[in-house]
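All ligand and atom numbering here is 1-based and tracks the order in the structure.
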Amino acid sequence: MCVTQSISLYCFCSDFRITGEVPPWLKLVTNRIYEESRLFPSAINHVLINEYLPDQGIMPHQDGPAYVPVVAILSLGSPVVMDFVPHPSFCGTATDISGNNGEDIISKPDNIKMSSGEYLSEYRPFSVALMPRSLLIFKDKAYSDFLHGIKDCEFQRFDEAVNVTNCLKSEAQLAHTISGLKIDGEAGDNVIHRTGTRVSLTCRVVTKVHKHLIKL
Ligand SMILES: O=C(O)CCC(=O)C(=O)O
Ligand SMILES: [Fe+2]
């Protein structure tokens with residue numbers, strides 16, 4: 001269940017602001033992501049700010065077609081694990097995503113595996129640990145062929161995360177500053193304990209301003 005609290009939604013396009021003035025610090029952040037990543041076709045014009053309590057996540061979903069297929073997620077506060085699972089259409093349980101009106105596409109986790117329980121070989125699930133102050137950018141196939149989500153769970157294993165080595169390094173360097181991260185490498189027990197809130201800034205480029213996007 002998606003139980004996150006959306007704090008703010010900023011859409012910079014056509015002077016279209018949902019929750020007041022776009023603060024200068026936010027423009028600095030998005031400009032820097034745009035300029036340094038060089039992955040967005042134009043300046044970021046849409047930022048969703050979400051707050052997650054330790055037991056809150058977000059259902060596996062695909063960001064809607066109103067956005068260009070690249071997204072940057074800046075994570076602050078508690079670390080968390082984001083899971084990527086192949087879109088059901090790559091698992092033999094295709095659902096029609098055409099004609100979507102611009103909203104995100106949400107899928108029940110049960111629909112993600114083939115009836116045999118197998119995944120197509122090139123579409124294996126993976127996860128990424130999102131450490132505090134990290135920036136995750138994904139695009140193309142990761143955007144359109146996979147659903148992304150976060151479990152509603154206070155304890156999250158990250159030993160299977162694609163960036164587990166980086167997490168262990170950053171934990172070693174920042175152990176005193178990262179709260180909610182317990183690592184026991186010897187036991188192979190790499191677990192994030194989400195003890196505090198997490199705030200994320202999801203930065204995108206919206207091409208079509210659709211009235212449904214305003215729904216908070
Ligand atoms: O908060 C996050 O890390 C993910 C948010 C997200 O996927 C979305 O808003 O579409
Ligand atoms: Fe998303």
If you compare Gln62, Met59, His61 by their heavy atoms, the one closest to atom 10 (O) of ligand 1 turns out to be His61

I want to check something: taking the side chain as every heavy atom from C-beta on, are Ile137 and Val71 in contact at a cut-off of under 4.5 Å? no

For Leu48, atoms of ligand 1 separated by under 4.0 Å from a heavy atom: 9 (O)

Name whichever N, O or S atom of His61 ends up nearest to the Fe ion (ligand 2). NE2

Using non-hydrogen atoms of the residue, decide whether Arg204 is closer than 4.0 angstrom to ligand 1. yes

Nearest N/O/S atom of Asp63 with respect to the Fe ion (ligand 2), by atom name, please. OD1

Strictly by salt bridge (Lys or Arg N to Asp or Glu O under 4.0 Å), give each pair with a member in residues 128-143 just once, sequence neighbours left out. none

In this structure, is the centre-to-centre distance between the rings of His148 and Tyr143 below 6.0 Å? no

Decide whether Leu28 and Leu201 are clustered together by the hydrophobic rule: side chain heavy atoms of Ile, Leu, Val, Met, Phe, Trp, Tyr closer than 4.5 Å, transitively. no

Which of the atoms of ligand 1 are close to His148, meaning less than 4.0 Å from one of its heavy atoms? 7 (O)

Thr202 heavy atoms, cut-off 4.0 Å: which ligand 1 atoms fall inside? 5 (C), 9 (O)

Location of contacts on Asp63 toward ligand 1, heavy atoms closer than 4.0 Å: side chain

Hey, which atoms in ligand 1 end up nearer than 4.0 Å to a heavy atom of Met82? 3 (O), 4 (C)

With a cut-off of 4.0 Å, which atoms of ligand 1 are near a heavy atom of Ser200? 1 (O), 2 (C), 3 (O)

Test item: Val80 and Tyr52 side chains (from C-beta on) under 4.5 Å apart, heavy atoms: no

Can you check whether Phe84 and Phe126 have ring centres sitting under 6.0 Å from each other? yes

Just to be sure I read this right, does ligand 1 sit under 4.0 Å from the backbone of Arg198, its side chain, both, or neither, counting only heavy atoms? side chain

Tell me which pairs pass salt bridge (Lys or Arg N to Asp or Glu O under 4.0 Å) where either residue lies in residues 72-88, with sequence neighbours left out. Asp83-Lys151

Gln56 and ligand 1 - part of the residue with a heavy-atom distance under 4.0 Å: neither

How about His87 and Phe146: are their ring centroids closer than 6.0 Å? no

